[in-house]
Amino acid sequence: MENQKEAIIMILKSINFIVDLFNREIQEKFQVGSNVVIANRIIDAKDEIPVENLNKIVITLLHFEREHKSEKIYNLYLSLLSNFEDYYESLKFFEQTIFIQNKLMALEQNNLPQGIKNMKCIEIQDLKLTDIFSLYKTKSTIFQPSALYKVQILMD
């Protein structure tokens with residue numbers, strides 16, 4: 001049970017680290033003062049889009065799994081949804097997240113949160129259109145520019 005608790009804490013640290021990195025890059029690129037990227041659910045308990053998601057890029061943990069080879073390696077599947085009222089704003093910020101993904105692949109490992117030894121790589125997962133539409137239908141939301149990332153973390 002202690003290992004599971006530790007894993008959840010490291011997963012939360014990893015997501016916060018990614019959100020912070022995306023925000024710093026977007027703030028620098030577009031000279032915006034507030035955070036544009038947040039970690040949140042796509043749909044709330046009432047089957048509605050949370051108001052705090054409006055005009056944000058929303059990162060949601062869809063799933064995580066432990067690598068079979070190791071007790072300390074986890075794969076995180078993160079949905080990244082660009083949820084702006086103006087569709088062109090959605091595309092503008094979404095495009096920037098694709099460039100940031102390259103930066104995440106080249107991270108200096110000493111900048112990672114304490115307890116995380118390595119954030120091995122981040123890659124965009126290929127989904128078929130039918131899978132994408134099923135995901136949105138399941139989440140009862142409208143289609144927005146989005147991507148699914150696989151993040152692999154190695155805990156100390």
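As the structure is a prediction and not an experimental result, all values here were calculated from the model.
Using a 4.5 Å cut-off on side-chain heavy atoms (C-beta onward), Phe17 and Leu112 make contact. Residues Leu78 and Leu62 are not in side-chain contact: their nearest non-hydrogen atoms beyond the backbone lie 4.5 Å or more apart. In this structure, the side chains of Leu76 and Ser14 come closer than 4.5 Å at one or more pairs of heavy atoms. You'll find the side chain of Ile59 stays beyond 4.5 Å of the side chain of Ser79, heavy atoms only. Between Asn55 and Asn83 there is no side-chain heavy-atom pair separated by less than 4.5 Å. Considering only heavy atoms from C-beta on, Lys56 stays 4.5 Å or farther from Leu81 through its side chain. Within the 4.5 Å cutoff, side-chain heavy atoms of Ile11 are placed close to those of Ile153.
Residues that satisfy the side chain to side chain donor-acceptor pair (under 3.5 Å) test with Glu28, not counting sequence neighbours, are absent from this structure. For the side chain to side chain contact (heavy atoms under 4.5 Å, CB included) test, residues two or more places apart in sequence or in another chain that qualify with Gln114 are Lys13. Qualifying side chain to side chain contact (heavy atoms under 4.5 Å, CB included) partners for Glu67, counting only residues two or more places apart in sequence or in other chains: Lys69, Ile73, Asn75, Gln152. Applying the side chain to side chain contact (heavy atoms under 4.5 Å, CB included) test to Asp156 and every residue at least two apart in sequence or in another chain returns Lys117. By the side chain to side chain donor-acceptor pair (under 3.5 Å) test, Glu48 pairs with no residue at all, sequence neighbours left out. With sequence neighbours excluded, no residue forms a side chain to side chain donor-acceptor pair (under 3.5 Å) with Asp44. Glu89 pairs by the side chain to side chain donor-acceptor pair (under 3.5 Å) definition with Lys92, not counting sequence neighbours. Take Lys72 and apply the side chain to side chain contact (heavy atoms under 4.5 Å, CB included) test, not counting sequence neighbours, and it matches Glu6, Ser70, Leu154, Met155. A search for salt bridge (Lys or Arg N to Asp or Glu O under 4.0 Å) contacts involving Arg66 returns Glu71, not counting sequence neighbours.
Separating the CZ atom in Phe94 from the CG atom in Leu80 is a distance of 6.5 Å, to the nearest 0.5 Å. To the nearest 0.5 Å, atoms CD1 (Ile57) and CG (Asn35) are separated by 11.5 Å.
In this structure, Arg41 and Pro50 approach most closely via the heavy-atom pair O-CG, 3.9 Å. Nearest heavy-atom pair, Asn40 versus Val58, reported as atom, atom and distance to 0.1 Å: O-CG1, 3.4 Å. When all heavy atoms of Asn23 and Val36 are compared, the pair lying nearest together is OD1-N, 2.8 Å. Across all non-hydrogen atoms, the minimal contact from Ile38 to Glu52 is CD1-O, 3.4 Å.
For Ser82 (side chain) and Leu91 (main-chain N/O), no donor-acceptor pair under 3.5 Å exists by modelled atom type. In this structure, Asn53 contributes its side chain and Ile49 its backbone to no donor-acceptor pair below 3.5 Å.
Under the 4.5 Å side-chain contact rule for hydrophobic residues, Leu54 and Ile43 do not share a cluster.
Listed by first then second residue, pairs satisfying ring-ring contact (aromatic ring centres under 6.0 Å, His included) with a partner in residues 27-52 read Phe30-Phe93, not counting sequence neighbours. Applying the ring-ring contact (aromatic ring centres under 6.0 Å, His included) rule to pairs touching residues 57-77 yields His63-Tyr77, sequence neighbours excluded.
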